[in-house]
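Structure record follows, encoded as structure tokens.
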Amino acid sequence: MSTVIKGGTIVTASDTYQADVLIEGEQIATVGHGLSGDTTIDASGKYVIPGGIDVHTHLDMPFGGTVSSDDFFTGHRAAAFGGTTMHIDFAIQPKGATLRETLDIWHGKANGKAAVDYGFHVAITDLPDSVMDEIKQCPDYGVTSLKLFMAYKGALMVDDATLFRAMQQAAEHGLLIMVHAENGDAIDILVNEAIAAGNLEPKYHALTRPPELEAEATERAIRLAEVAGSPLYVVHVTNAGAMEAIQSARARGRSRQIFGETCTQYFFFTKDDLARPGFEGAKWVCSPPYREVHDQQALWGAVASNALQVISTDHCPFWFEGGKDGRTPGKELGIGNFAKIPNGCPGIEDRMMVLYTAGVRGGRFSLNRWVELCCTNPAKLFGCYPQKGTIAPGADADVVVWDPNASYTITAAKQHQRTDYNLYEGMEVTGLPSVVLSRGRVLVQDGEWKGEQGAGKFVRRNRFKI
Ligand code: URP
Ligand code: ZN
Ligand code: ZN
């Protein structure tokens, strides 16, 4: 069974050119002219890009007294509708569990549900010597990145000794260390002070997590990684100070060791969104929080200049009005106490179109850089390139036919993400996926779902090498 995508303009991280793409089975067989196959997809007037890869997601994740509202089917369907055909989720180690047990729990969540391909990072919360020793087996488990939280004291946070030991082990075994960089000890004090003072509205979430505490933790993680000799990837960078810590490490010769990601939403929202009337601001509660307009500008500059290498989503949706009609509890858990609002926002469906609109059409970065930030760099940094993240013979046929002229107004009423709001409500985007293929199978065509639960596969990733 073969498919040819005909007459489109292929866009990779490095090139833009006219050609047909012949898919045989699950892989791209040939890229060339005058190709034919059993089925033809007309891509004239459209771009043909690699499927988006979102390396920062939290599907079906127990967190903040509830569980994120998208599971491995609803989240995958939403991803596909947005042109994303692979993601890497965080398997969070329950205290006392081995890494194998942790991964088995997350495989159990995905098995039979997955509709796009996926991988796992393992998030270490508990590092006795036995788990320290188990780290070296992660590549055999198909997992080559470890995440550690420097925040969420009393829940996910680890101390510097744990972080440093994990870095040493990662350095020895070719794993990439990822950090959520905020100073959890200082934040804990500020949160308790705010509560004691009766400052309980959603906006205090942002006010108790100032940007300096993200910049400090980012710098600390970088210095620890430099001493340990491990590669480091800082997730969800939100502000100029944290970004500059990464930029300056890379400038002093660490550009093959220190990497950073930001997330789509940090370009668009500020801490003022958390001060919207009533409890509305809870929709924008995530960590680290939204910052200032000057930080947004710094982030746009950073992704264009390669100070940051990836844009992901940190997709971690919760219902705004949860806990009824079969919904898991959501943001309402924090009415009357901002510290109890589940942290996280939806976005896996929105990323590619919002960034195409504001990034490419907005003149902030090129078409090729959009592909590099959203598809190619994620695959390279996380050990699955060139199987994923490019259009080339031998690559998996995860391909998106992108219509640069189609428009849509984003609204929760039409989204596929399983939540009752959308951060970008009312935003008009131009540039949408018209056909989305995963390993040669059509998942979405002209707005219609054609995918299948259980067809998505776990992607075993290679050790870090750049
Ligand atoms: O608020 C967020 N970001 N929730 C998900 C967990 C994390 O910190 O990435
Ligand atoms: Zn985080
Ligand atoms: Zn996250």
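Both counts, for ligands and for their atoms, begin at 1 and track the order of listing.
Within the listing of ligand 1, atoms 8 (O), 9 (O) sit less than 4.0 angstrom from a heavy atom of His236. Taking every non-hydrogen atom of Asn343 and a distance limit under 4.0 Å, the qualifying atoms of ligand 1 come out as 1 (O), 2 (C), 4 (N), 5 (C). Here is the list of ligand 1 atoms found below 4.0 Å of a heavy atom in His58: 5 (C), 6 (C), 7 (C), 9 (O). Of all the atoms in ligand 1, the ones that sit under 4.0 Å from a non-hydrogen atom of Cys286 are 1 (O). Which parts of ligand 1 touch Tyr152 is read off a 4.0 Å heavy-atom cut-off, strictly below it: atoms 1 (O), 2 (C), 3 (N), 4 (N), 6 (C), 7 (C), 8 (O).
A salt bridge between Lys95 and Asp126 is absent, with no side-chain N of the basic residue lying under 4.0 Å from a carboxylate O of the acidic one. Taking a cutoff of 4.0 Å between a charged side-chain nitrogen and a carboxylate oxygen, Arg100 and Asp140 do not qualify as a salt bridge. A salt bridge does not link Arg441 with Glu452: every distance from a Lys NZ or Arg NE/NH1/NH2 to an Asp or Glu carboxylate oxygen is 4.0 Å or more. A salt bridge between Lys113 and Asp71 is present, with a side-chain N of the basic residue lying under 4.0 Å from a carboxylate O of the acidic one.
Ligand 1 has a nitrogen or oxygen under 3.5 angstrom from a nitrogen or oxygen of His180.
Looking only at N/O/S atoms, His180 comes nearest to the Zn ion (ligand 2) through ND1. The Zn ion (ligand 3) is closest to atom OD1 of Asp314 (considering only N, O or S atoms). Looking only at N/O/S atoms, His236 comes nearest to the Zn ion (ligand 2) through NE2.
The Zn ion (ligand 3) has an N, O or S atom of His56 under 2.8 Å away, backbone or side chain. One of the N, O or S atoms belonging to His58 lies under 2.8 Å away from the Zn ion (ligand 3).
The aromatic rings of Tyr233 and Phe382 lie perpendicular to each other, with more than 60° between the two planes, well past the 30° mark. Ring geometry, Trp300 versus Phe365: the interplanar angle falls from 30° to 60°, so the pair is classed tilted.
Contact annotation: for Met61 versus ligand 1, there are no heavy atoms closer than 4.0 Å.
Closest to atom 1 (O) of ligand 1 among all protein heavy atoms lies Ser287 N, 2.8 Å.
Residues Ser145 and Arg461 have side chains that bring a donor and an acceptor to within less than 3.5 angstrom of each other. For the residue pair Asp89 and His58, no side-chain donor N or O sits within less than 3.5 Å of a side-chain acceptor on the partner.
Both tests hold for Lys380 against Tyr385: distance to the six-membered ring centre under 6.0 Å, angle to the ring axis within 45°.
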